[in-house]
Amino acid sequence: MTNEQVAARLEQIADLLKVEEENVFRIRSYERAAEAIRGLGADLRDIRHAEGGLRSISGVGEGIANVIAEYLNTGEMTYLSELSARYPEGFLELLKIPGLGPKRAGLLYRELGIGSVDELEEACIRERVRAVPGMGAKSEQKLLEAICKYWEGRGRALLGEMLPKAEGMVEWLRALPEVRYAACAGSARRGKETVGDLDLLVTSDDPAAVCRAFATSGILVEVELAGETKVSGMIAGGRQVDLRVVEPRSWGAALVYFTGSQQHNIRLRERAQARGLRVNEYGVYRDPGEGQPLGEPIAGETEESLYAALELAWIPPELREDRGEIAAAAEGRLPELIELAHICADLHLHSEYSDGKLTIEEHARAARELGYTHIGITEHSPALHIAGGIGAEDIRQQREEIDALNERYRADGMQFTVLLGQEANILGDGSLDADDEVLSLVDYMIGAIHSGMSGDADTITGRVVTAIRSGKIDMLSHPTGRILLNRDPYGLHIAEVIEAAVEHDVALEINASPDRLDLSDVHARLAVERGAKLTINTDAHRLRDFAFMRYGILTARRGWVGAEAVVNTWPLERLRGWLRSRR
DNA sequence: GCCGTTTTCGGCCCGACTGTTTTCAGTCG
């Protein structure tokens, strides 16, 4: 029973309540509780037994606490079961069809008995939908198109795939003479690990010209809507892009609005309301009172001015998830977040000794060009045959090569050092497949699980904790094993792992590979709150992988992580001192 | 259903677009 499972069930309750046309505030309570639980680092089962219990979670009151407690105790959620029993299996999937909301989904079920996406598709094709009151031929056609798109582009895409595309389009827009400012907004700007669509925002004194240029540029392979201030369509690969153009004086307000998150925006408007102000995508206004038109905006040309009008410090986009950032901004205790420029080392790299494509020297050159002062080469260990794992003999050779390389750098007056590590497998009993000779040759050791991932949570946690306690590993790589959009994290009691890592001074990795980003943002936040050290590494196998570091940084920032906790920001001597202290 | 340097009761974010409507409901972000 993971937090995610609880959150997903609360969301299902919210969806079903919408279909039942229940009180909207009650619905929002369930949605907020679900979001709050997603943003928790700690395990709900631990929170329940801690001081304050489940109700210490903001947005969880008596009612929802009881619903969660029942689920944690029995694996049942009676309220959800009762609600969902009124609808066929697969009914809630209908709500994922863009343009079909809860009201009309409920209507279609009651009128036509439609209980799944398949049934809806068939009903549209047979032109039965148009007979339903409030629906017409046009709605039917739109639904059919929406279903096709849903089948095609189901789900989300990796940030690492989408952010470069967004930035390419922003560059293109900036080059237009009519464009003043252009930026990527939405979840991509917040650095969320996966994104659904891309939101681009532009200011211009001639919006129509910008829209026309974008719509006819060929960037969109399919244009769905091309208005005076808004263009949407699909880029190659089937992803939705929305471009919006606003007046320059609304730039900041629009950027906040389109960056989100939704919950963050709601909190901002609540705060505005409490101060007799109104916030929308055009600016901040004094509340003119019931039914009166808004006057001139008092802020909104920049993001800073909007936040300032609400007596808040500017909040970095990565934090805008309604996870306590507004209170922190109000009280002047927003964290100093880590930045890419703080990174001076990449400590998890694979060379051609195992499954990498670069020589050690090529790795070093790539790192120097990024301004790093040191790197660590960390091949797989023998148990990982398929990835060319290496043992003591090869490690000895690497040691010699690296020592010679460092000597040469020193002779050339170059401030650059290559460290030797290894990424050893944590075996079934928690031991490492690295012998004493290897341990004596390397500068540090990374532990990772690459096998037996389907074991139960207690077993896997036990293995990892044993490895941490052994004192033989200095870092734990991709701790939860997730592959985004592909493989769930293995069951692992992350709080226990973090606790052990703090106690034994082992650094937990944020693996920056875009399909991992593991630790996740919320786990990273929990880890630094508990006092753990982190390491952010690209796990690079080839040249282009070095660029992954930015995704690791974005994830760390979303986890409220500062530079100090991350060993990759430390100068070499400090890193060495720490490693020595652990021997 | 949640929550309180406006409140333990009475509030709870905002605007645009669309289609099917003759004045608005549903959906989205």
Side-chain angles (χ1 to χ4, degrees), chain A residues 10 13-15 17-19 21-36 54-68 79 94-108 129-143 145-146 185-187 189-190 195-201 224-225 227-230 232 240 242 244 246 250 253-285 287 293-294 300 310-311 320 322 326-327 330-331:
Chain A
L10 294 178
I13 291 177
D15 281 342
L17 291 175
K18 284 183 208 163
V19 177
E21 303 191 26
E22 256 281 2
N23 178 295
V24 289
F25 302 110
R26 201 161 159 236
I27 294 165
R28 192 188 296 162
S29 296
Y30 278 95
E31 288 177 327
R32 269 190 177 158
E35 275 306 310
L54 294 170
R55 295 190 59 181
S56 65
I57 303 165
S58 160
V60 175
E62 190 183 353
I64 294 180
N66 286 337
V67 170
I68 299 171
Y79 188 39
L94 284 168
L95 300 184
K96 294 186 182 152
I97 305 296
L100 182 62
K103 297 254 171 70
R104 294 201 302 174
L107 184 69
L108 287 168
V129 169
R130 61 183 66 183
V132 175
M135 309 281 281
K138 195 129 187 191
S139 326
E140 199 173 69
Q141 188 53 37
K142 284 223 152 187
L143 274 176
E145 287 166 16
S187 52
R189 181 166 182 242
R190 302 202 307 279
V195 299
D197 56 11
L198 292 177
D199 296 294
L200 306 177
L201 185 67
E224 286 159 12
L225 184 158
E228 298 276 291
T229 60
K230 179 177 171 176
S232 6
Q240 171 99 17
D242 296 319
R244 294 156 212 264
V246 296
S250 295
L255 199 50
V256 168
Y257 177 83
F258 290 116
T259 298
S261 69
Q262 181 92 332
Q263 289 300 331
H264 177 85
N265 287 347
I266 289 175
R267 292 292 185 198
L268 289 182
R269 291 187 207 125
E270 285 174 354
R271 191 175 169 89
Q273 202 171 49
R275 284 166 172 67
L277 299 172
R278 297 268 291 275
V279 174
N280 61 26
E281 59 263 56
Y282 304 112
V284 181
Y285 302 80
D287 193 340
L294 292 173
L310 302 177
E311 298 170 71
R320 300 182 194 170
D322 189 24
I326 291 177
E331 294 158 21

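Everything numeric here is computed off the predicted structure, so don't read it as measured data. Chain letters run A, B, ... following the sequence lines, proteins first, then strands; residues in each count from 1.
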Would you mind classifying the nucleic acid contact of A:A137 as base, sugar-phosphate or nothing, using non-hydrogen atoms under 4.0 angstrom?
sugar-phosphate
Using the C1' atom as the point on both nucleotides, what is the distance between B:dC2 and B:dT7, in whole Å?
13 Å
Note to self: So A:I64, base contact, sugar-phosphate only, or nothing? Heavy-atom distance under 4.0 Å.
What the structure shows: sugar-phosphate
When rounded to whole Å, the CD to P distance for the pair A:Q141 and B:dT20 reads 11 Å
| said: Using a 4.0 Å heavy-atom cut-off, does A:I27 contact any base of the nucleic acid, only the sugar-phosphate backbone, or nothing at all? | reply: nothing
When both distances are under 3.5 Å in a Watson-Crick or G-U wobble arrangement, the nucleotide paired with B:dA16 is B:dT27
With sequence neighbours left out, the residues meeting salt bridge (Lys or Arg N to Asp or Glu O under 4.0 Å) with A:E281 are none
Sorted by chain and residue number, the side-chain contact (heavy atoms from CB on, under 4.5 Å) partners of A:S29 (sequence neighbours excluded) come out as A:I64
Rounded to whole Å, the NZ-P distance (A:K96 to B:dG29) equals 15 Å
Looking only at B:dG29, B:dC2, B:dT27, the nucleotide nearest the A:K103 side chain is B:dT27
Margin query: Any base atoms under 4.0 Å from A:L95, or only sugar-phosphate, or nothing? Heavy atoms, all strands.
Written below: nothing
Assign each of A:R32 and A:D197 the nucleotide of DNA chain B bearing its closest heavy atom; nearer the 5' end lies the nucleotide of A:R32
Atom CZ of A:R130 and atom P of B:dT21 are separated, to the nearest Å, by 13 Å
Hits for side-chain contact (heavy atoms from CB on, under 4.5 Å) against A:E21, two or more places apart or cross-chain, chain-then-number order -> A:K103, A:R110
OH of A:Y257 to NE2 of A:H264, rounded to nearest 0.5 Å, is 13.5 Å
Sequence neighbours excluded, the answer for salt bridge (Lys or Arg N to Asp or Glu O under 4.0 Å) partners of A:R104 is none
ask   = If only side-chain N and O atoms of A:R28 are considered, is one of them under 4.0 Å from the OP1 or OP2 phosphate oxygen of B:dC12?
value = no
To the nearest angstrom, the CZ-C1' distance between A:R267 and B:dC14 comes to 16 Å
Salt bridge (Lys or Arg N to Asp or Glu O under 4.0 Å) pairs touching residues 253-262 of chain A, sequence neighbours excluded, are none
Gap in Å between the two C1' atoms, one belonging to B:dT23 and one to B:dG19, rounded: 14 Å
Check: Considering only the P atoms, how many Å lie between B:dT22 and B:dG15, rounded to the nearest integer?
Finding: 26 Å
Can you check the distance between B:dA16 and B:dC9, where both ends of the measurement are the C1' atom (answer in whole Å)?
34 Å
Residues passing the salt bridge (Lys or Arg N to Asp or Glu O under 4.0 Å) test with A:R275, sequence neighbours excluded, are A:E311
Can you name the atoms? Protein N/O to nucleotides 15-19 of chain B N/O, anything below 3.5 Å, with the distance.
residue, atom, partner, partner atom, Å
B:dG19, OP1, A:K142, NZ, 3.3
B:dG19, O3', A:S139, OG, 3.2

Worksheet item: What interatomic distance, in whole Å, is found between P of B:dG11 and the corresponding atom of B:dT18?
Response: 35 Å
Here the distance between atom P of B:dC12 and atom CG of A:N23, to the nearest Å, is 12 Å
To the nearest angstrom, the CD-P distance between A:Q263 and B:dC3 comes to 13 Å
**Report entry** Sidechain N-carboxylate O distance under 4.0 Å for A:K142, A:E145
**Finding:** no
Contacts of A:D242 meeting salt bridge (Lys or Arg N to Asp or Glu O under 4.0 Å) (sequence neighbours excluded), chain-then-number -> A:R244
Anything under 3.5 Å between a protein N or O and an N or O of nucleotides 5-8 of chain B, put it in a table, one pair a line.
none

Requested in this report: Please measure how far the P atom in B:dG26 lies from the corresponding atom in B:dT21, and state the result in whole Å.
Outcome: 13 Å
Notebook entry, point to check: When you look at A:N265 and A:L268, which way does the side chain to side chain contact (heavy atoms under 4.5 Å, CB included) test go after all the steps?
Noted result: CA-CA 5 Å; A:N265 287 347; A:L268 289 182; 4.3 Å; yes
A:E62 CD to B:dC3 C1', in whole Å, measures 13 Å
| task | For nucleotides B:dG1 and B:dT6, find the distance between their P atoms and express it as a whole number of Å. | result | 27 Å
CD1 (A:I27) and CD1 (A:I13) are apart, to the nearest 0.5 Å, by 12.0 Å
From CG of A:L268 across to P of B:dC12 the rounded distance in Å is 17 Å
